[in-house]
S.K.: 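Got a structure here, written out as structure tokens. Questions coming.
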Amino acid sequence: MFYFAYASNLNRKQIAEHAPGIKARYSAVLPNHKLVFSGWSRTWHGAIANIQHSNGDKVQGGLYEVSDQDMERLARYEGPEYTIAKVSVFRDTGEKIDAVTFVQKQRKDESKPSAEYLAAIKQGYMDWSLI
């Protein structure tokens with residue numbers, strides 16, 4: 001199955017620690033969504049990323065090929081605040097790919113992420129050549 005990462009799980013070093021068998025495949029875009037930061041993470045000491053529907057916007061990310069076992073590991077890492085959602089993303093070639101991703105179960109007020117969390121996301125964007 002394909003897993004669409006859009007935040008700190010883009011960071012290849014970080015994700016390999018939580019899902020050792022995962023394989024990076026393609027960069028992709030999730031249309032009609034935007035990246036938001038909400039809630040609070042004890043791990044990251046600030047708000048955490050989520051996606052929400054937003055016509056005309058898009059979220060850049062990466063597609064990993066992931067086994068059921070590694071997906072279970074990622075779900076444990078993400079914790080009870082997140083659930084798995086099915087999404088359709090598009091590669092730069094225009095190819096549509098069905099994938100799963102994590103979204104927060106409850107919508108929360110937007111707030112500020114920590115500098116450390118933003119640095120992990122930025123490294124992930126660099127890992128995928130998105131910036």
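Throughout, numbering of the chain's residues begins at 1 and tracks the sequence.
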S.K.: Side chains of S27 and Q60: any donor to acceptor distance under 3.5 Å?
M.R.: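 Looking only at side-chain atoms, S27 and Q60 do not form any donor-acceptor pair under 3.5 Å.
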S.K.: Would you check if the distance from the ring center of F37 to the ring center of W44 is below 6.0 Å?
M.R.: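 When the ring centroids of F37 and W44 are compared, they turn out to be at least 6.0 Å apart.
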S.K.: Is there a donor-acceptor pair closer than 3.5 Å between any side-chain N or O of N9 and the backbone N or O of I15?
M.R.: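 Such a contact is absent between N9 side chain and I15 backbone.
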S.K.: Can a side-chain donor-acceptor contact be found between Y64 and D70 if the only test is distance below 3.5 angstrom?
M.R.: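 No, Y64 and D70 have no side-chain donor paired with an acceptor closer than 3.5 Å.
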S.K.: Do S38 and E110 have a side chain donor and acceptor closer than 3.5 Å?
M.R.: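 No, no side-chain donor-acceptor pair sits under 3.5 Å.
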S.K.: Counting only N and O atoms by type, is there a donor-acceptor contact under 3.5 Å from the side chain of Y117 to the main-chain atoms of A49?
M.R.: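 Yes; judged by distance alone, with no hydrogens or angles, the pair exists.
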S.K.: Any side-chain heavy atom of H33 sitting closer than 4.5 Å to one from D57?
M.R.: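 Sidechains of D57 and H33: no contact.
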S.K.: What are the two closest non-hydrogen atoms of V103 and A85, and how far apart are they?
M.R.: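 For V103 and A85, the tightest heavy-atom pair comes out as CG2-CB, 3.9 Å.
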S.K.: Measuring only between side-chain heavy atoms, which start at C-beta, is K34 closer than 4.5 Å to Q52?
M.R.: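 A side-chain contact under 4.5 Å exists here.
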S.K.: Are any side-chain N or O atoms of W128 and backbone N or O atoms of L10, one a donor and one an acceptor, separated by less than 3.5 Å?
M.R.: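 Between the backbone of L10 and the side chain of W128 there is a qualifying donor-acceptor contact (under 3.5 Å).
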S.K.: Looking at N32, is its backbone amide N or carbonyl O close enough to the side chain of K58 to form a donor-acceptor pair, meaning the two atoms are under 3.5 Å apart?
M.R.: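 Such a contact is absent between K58 side chain and N32 backbone.
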S.K.: Over all heavy atoms of both residues, which pair between Q14 and S8 is shortest? Give the atoms and the distance, please.
M.R.: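 Between these two residues, the closest heavy atoms are NE2-OG, 3.1 Å.
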S.K.: Would you call F102 and T83 a side-chain contact if the rule is heavy atoms closer than 4.5 Å?
M.R.: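 Side chain of F102 against side chain of T83, heavy atoms only: no contact under 4.5 Å found.
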S.K.: Counting C-beta onward and ignoring hydrogens, is there a side-chain heavy-atom pair between I97 and R91 closer than 4.5 Å?
M.R.: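 Sidechains of R91 and I97: in contact.
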S.K.: Decide yes or no for I22 and L74: does some side-chain heavy atom of the first lie under 4.5 Å from some side-chain heavy atom of the second?
M.R.: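 Heavy-atom side-chain distance check passes, below 4.5 Å.
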S.K.: Search all heavy atoms of S41 against all heavy atoms of I48 and return the closest pair with its distance.
M.R.: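 That would be CB-CG2, 3.2 Å.
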S.K.: Between N11 and Q123 (side chain of the first, backbone of the second, donor and acceptor by atom type, cut-off under 3.5 Å), is there such a pair?
M.R.: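 Judged by distance alone, no pair lies under 3.5 Å.
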S.K.: Could you go step by step and tell me if Y6 and L35 meet the side-chain contact (heavy atoms from CB on, under 4.5 Å) rule?
M.R.: CA-CA 8 Å; Y6 57 84; L35 184 66; 3.5 Å; yes
S.K.: Are P20 and R73 close enough that some pair of their side-chain heavy atoms sits under 4.5 Å apart?
M.R.: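 Sidechains of R73 and P20: in contact.
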S.K.: Run the side-chain contact (heavy atoms from CB on, under 4.5 Å) test on M71 and V100 for me, step by step, so that the C-alpha distance in whole Å, both residues' side-chain angles and the decisive distance to 0.1 Å come before the verdict.
M.R.: CA-CA 10 Å; M71 196 65 196; V100 294; 3.6 Å; yes
